[in-house]
Number of protein chains: 2
Amino acid sequence: MNRHQKEKADEASGQGRPTLKTLAFMTGLGVTTVSRALKDAPEIGAETRRRVQLVAKQIGYRPNRAGVRLRTGKTNVISLVLNTEHEIMSFVSDIIYGVSEVIADTPYHLIVTPYSRSQDPLDPIRYLVETGSADGVIISRTQPNDPRARYMLERGIPFATHGRTDMGLIHPYHDFDNYAFAAEAVRHLAGLGRRRLALLAPPVELTYHGHTLAGFADALSEVGASEIPFNTVSIDHSIEQIRMRTAQLMRRDVRPDGFISSAAAATLAIVAGIEDAGLKLGRDVDVVSKQSSELLHLFRSELLVVNENFRLAGAELARSVLGWIGGAAPGTLQSLSEPGEVQAYRRPD
Amino acid sequence: MNRHQKEKADEASGQGRPTLKTLAFMTGLGVTTVSRALKDAPEIGAETRRRVQLVAKQIGYRPNRAGVRLRTGKTNVISLVLNTEHEIMSFVSDIIYGVSEVIADTPYHLIVTPYSRSQDPLDPIRYLVETGSADGVIISRTQPNDPRARYMLERGIPFATHGRTDMGLIHPYHDFDNYAFAAEAVRHLAGLGRRRLALLAPPVELTYHGHTLAGFADALSEVGASEIPFNTVSIDHSIEQIRMRTAQLMRRDVRPDGFISSAAAATLAIVAGIEDAGLKLGRDVDVVSKQSSELLHLFRSELLVVNENFRLAGAELARSVLGWIGGAAPGTLQSLSEPGEVQAYRRPD
DNA sequence: GTGACAATCTGTAACGTTTCAGTATATAGC
DNA sequence: GCTATATACTGAAACGTTACAGATTGTCAC
């Protein structure tokens with residue numbers, strides 16, 4: 001062992017985390033060879049490859065993220081960008097778990113990048129892109145003409161949107177079919193003999209507001225029911241506001257006998273408003289609501305529900321972003337989740 | 001300009017992200033000087049310091065995280081470790097926002113590290129520590145003798161726990177005073193004339209199970225009420241299980257006339273169980289429940305609630321971890337949040 | 001036996017940062 | 001006018017990784 005090798009030995013045998021240098025020393029190879037052996041490069045002998053990988057596994061070698069990131073620019077990070085005021089609560093937790101599930105056996109980490117009402121929604125995106133903090137981004141509250149999607153498309157950074165855009169640009173997305181939801185809800189209410197329907201829609205600026213309205217309108221004319229306008233509030237409004245507006249509406253002469261609600265929390269407010277007006281759910285009015293966890297039937301057993309699975313959405317979004325990062329065509333990474341049937345509550349035995 | 005400087009210029013004027021080298025070229029200083037000027041090192045002249053900082057701000061210099069991390073080992077990352085099965089939904093979203101709020105104007109990023117039922121809760125912690133992926137860790141579902149806290153304490157990695165431990169070891173935590181909650185709930189129910197109380201407690205393995213039980217027991221003897229045992233389920237059980245057990249309990253001869261519930265979702269199940277047994281809330285039985293968002297009163301207006309603010313918890317936990325990272329003594333980074341009064345619902349005008 | 005070529009392996013440089021060990025200049029002491 | 005010392009700055013090395021440009025073999029054609 002010459003002086004040079006001795007030095008290497010001294011360095012590599014340190015009890016810190018193993019690095020390529022450690023592996024190189026242990027196997028008697030150069031760091032370059034080790035590096036390539038670990039990533040199955042073609043110019044490495046089969047036996048050497050196996051030997052390196054065995055030793056690496058034995059001593060629990062894990063590539064240093066900072067080293068890789070500095071050298072290659074690859075962060076192995078997916079960022080989930082969330083609005084801290086308007087995001088649906090169960091959405092946040094479920095989508096995180098969905099994403100986690102998918103990236104669990106990849107080297108990716110999930111970072112959460114929040115922004116608040118006061119900020120331009122583009123701010124966090126700009127930050128991520130400018131600082132190169134993530135390989136891929138997931139955004140929600142998608143708009144028909146979404147500056148964030150446009151911005152990332154321009155910079156060529158992989159992303160996926162929860163909800164669709166409508167800019168004639170192609171990018172990965174996952175969406176719930178809110179057109180189908182609203183249409184099914186209308187049909188179900190019509191089937192119960194309801195004729196005057198009100199819709200508590202998503203906020204106008206989001207794409208699925210349009211989808212929801214379209215499904216609502218199309219099905220209304222299909223079944224020959226009519227709309228009672230209820231567009232002074234959206235599911236983004238406070239519980240109190242929705243409750244108050246609902247109560248007001250229900251005290252009018254011409255009041256709805258059916259409600260469709262795009263969010264579970266808002267449904268609580270609608271029901272409260274209905275009861276404030278002295279009316280009874282299931283008798284005077286029926287309500288169809290989306291929900292993401294099976295809790296509404298406990299609230300009022302008369303409620304009619306359609307489930308939206310955010311965990312699945314998170315998983316799909318993660319798959320889409322990873323797919324894009326992996327080189328797949330953005331157009332092939334789009335998915336739409338069909339709503340199940342409208343469910344009435346069945347009392348357990 | 002000599003050849004050497006020319007090279008520098010060429011490199012530094014590249015339109016990529018500005019680095020120290022860019023700043024060094026622009027200011028005519030060495031990278032070392034620039035680096036030190038930016039962190040207010042003492043041996044830099046006052047004017048130079050100002051000049052460098054001005055230029056840095058002008059061109060929007062941001063230190064490269066990978067560079068810093070590789071050189072110093074500092075990740076500027078806080079990891080929030082979450083159980084993907086048992087975490088309360090609102091807890092996840094609120095705590096994330098609370099943490100975000102605090103780290104917003106720091107260089108820290110928040111990464112979410114999930115683990116599932118099948119795993120040893122120590123796994124994600126080991127991963128974080130071994131790979132040096134975070135400067136600080138936040139864990140929840142804290143146990144009296146918590147191997148995760150012990151492990152991190154041994155390795156000297158800063159962390160904070162949501163909930164306390166009971167191992168005679170000192171570390172930062174934030175906790176809700178569940179002893180006070182249970183005691184107050186008992187007193188309130190006693191004040192309503194309720195005499196036979198049942199408690200739906202947190203799962204036994206968590207520290208606050210003990211706190212809750214102690215508060216419950218102490219207040220019971222204080223007010224001279226008695227306990228109806230209800231320990232076949234905890235708030236970790238499924239809605240269906242809790243509902244069924246509640247209904248069973250309420251059909252017994254000796255049944256509770258008061259319930260205390262440690263979680264809002266579980267309360268929905270308790271109420272359903274009560275009603276399954278043909279009894280009425282507010283008449284036959286009163287229920288005091290914790291909640292983290294103001295929704296329970298919409299569910300049944302007779303419900304009595306105590307609010308627990310998870311966003312605040314997230315903020316406190318983040319402050320604690322950052323404090324520890326910043327060198328503060330762990331013992332000074334502990335906080336306890338006192339429950340407010342038990343609230344009955346007041347109908348809005 | 002020579003040249004060509006493939007198959008394996010290797011050293012060096014670079015990513016951007018901080019730290020170490022200086023260097024150069026000015027100021028002060030005497 | 002000399003040294004000592006403080007002040008302000010600097011180059012080189014290192015963190016762990018990958019890419020580039022070789023280097024060393026052995027094999028084969030002829």
Side-chain angles (χ1 to χ4, degrees), chain A residues 2 4-5 7-8 10-12 14 16-52 56 59-76 107 130-133, chain B residues 2 4-5 7-8 10-12 14 16-52 56 59-76 107 130-133:
Chain A
N2 64 29
H4 192 54
Q5 284 181 331
E7 269 175 15
K8 274 187 175 174
D10 287 349
E11 291 166 20
R17 242 180 100 186
T19 69
L20 287 182
K21 208 192 267 180
T22 320
L23 284 179
F25 173 67
M26 294 182 74
T27 56
L29 298 162
V31 290
T32 305
T33 310
V34 173
S35 172
R36 308 182 86 127
L38 288 176
K39 48 175 58 69
D40 286 320
E43 63 266 68
I44 302 296
E47 199 208 306
T48 306
R49 196 204 319 276
R50 269 187 291 112
R51 202 157 58 89
V52 171
I59 66 173
Y61 167 77
R62 309 221 189 212
N64 179 303
R65 312 190 115 233
V68 175
R69 180 164 170 178
L70 181 58
R71 178 64 233 240
T72 63
K74 182 126 209 286
T75 61
N76 284 310
E130 284 172 9
T131 61
S133 292
Chain B
N2 63 28
H4 193 54
Q5 282 179 329
E7 271 174 15
K8 273 185 175 174
D10 287 349
E11 291 167 20
R17 246 180 97 186
T19 69
L20 287 182
K21 206 191 268 179
T22 319
L23 284 179
F25 173 66
M26 295 182 74
T27 55
L29 298 163
V31 292
T32 305
T33 311
V34 173
S35 172
R36 306 181 88 127
L38 287 176
K39 50 175 56 71
D40 288 317
E43 62 267 66
I44 301 297
E47 200 209 305
T48 305
R49 197 204 317 276
R50 269 187 291 112
R51 202 157 59 87
V52 171
I59 66 173
Y61 167 77
R62 309 219 188 212
N64 179 303
R65 311 190 116 233
V68 175
R69 181 164 169 178
L70 180 58
R71 176 65 233 238
T72 65
K74 182 130 209 283
T75 61
N76 284 309
E130 283 172 9
T131 61
S133 292

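Throughout, protein chains are lettered first and strands after them, A, B, ... in sequence-line order, and every chain is numbered starting at 1. Given the structure is predicted, the values throughout are model-derived calculations rather than measurements.
Using a 4.0 Å heavy-atom criterion, one finds that B:Arg36 contacts the bases of the nucleic acid, with or without backbone contacts as well. Heavy atoms of A:Ile44 sit under 4.0 angstrom from primed sugar atoms or phosphate atoms, though from no base atom. Using a 4.0 Å heavy-atom criterion, one finds that B:Thr32 contacts the bases of the nucleic acid, with or without backbone contacts as well. Heavy atoms of A:Gly28 sit under 4.0 angstrom from primed sugar atoms or phosphate atoms, though from no base atom. Within the 4.0 angstrom heavy-atom criterion, only backbone atoms of the sugar-phosphate kind lie near A:Thr72; the bases stay farther away. Note on A:Arg65: nothing from the nucleic acid sits closer than 4.0 angstrom, heavy atoms only.
Distance, A:Lys21 NZ to D:dA13 P: 14 Å, rounded to whole Å. Atom CG of A:Leu38 and atom C1' of C:dC9 are 15 Å apart (whole Å). A straight line from CG of A:Leu70 to P of D:dT17 spans 12 Å, rounded to a whole angstrom. The separation between B:Arg62 atom CZ and C:dC15 atom P is 22 Å, rounded to whole Å. Between A:Glu43 atom CD and C:dC5 atom C1' there is a gap of 16 Å when expressed in whole angstrom units. Following rounding to the nearest Å, B:Lys39 (NZ) and C:dT19 (C1') show an atom-to-atom distance of 10 Å. The interatomic distance linking B:Leu20 (CG) with C:dT18 (P) rounds to 6 Å, in whole Å. In this structure, A:Leu29 places its CG atom 14 Å from C1' of C:dG11, rounding to the nearest Å.
Judged by distance alone, the side chain of B:Arg49 and the main-chain N or O of B:Ala41 form a donor-acceptor pair under 3.5 Å. Remark: the backbone N or O of B:Ile44 is not paired with any side-chain donor or acceptor of B:Arg36 at under 3.5 angstrom.
Nearest to the side chain of A:Thr33, among C:dC9, C:dT18, C:dG11, sits C:dC9. With distances taken from any side-chain atom of A:Arg71 to the nucleotides D:dG16, C:dT18, C:dT17, the minimum falls on D:dG16. Checked against D:dT18, D:dC9, D:dT17, the side chain of B:Thr48 finds its nearest nucleotide in D:dC9.
Rounding to the nearest 0.5 Å gives a distance of 10.5 Å between CG of B:Leu38 and OG1 of B:Thr33. Between B:Arg17 atom CZ and B:Asn64 atom CG the span is 5.0 Å, to the nearest 0.5 Å.
B:Glu47 CD: 12 or fewer foreign heavy atoms inside a 6.0 Å radius.
Between B:Gly67 and B:Gly45, the residue whose closest nucleotide on DNA chain D is further toward the 5' end is B:Gly45.
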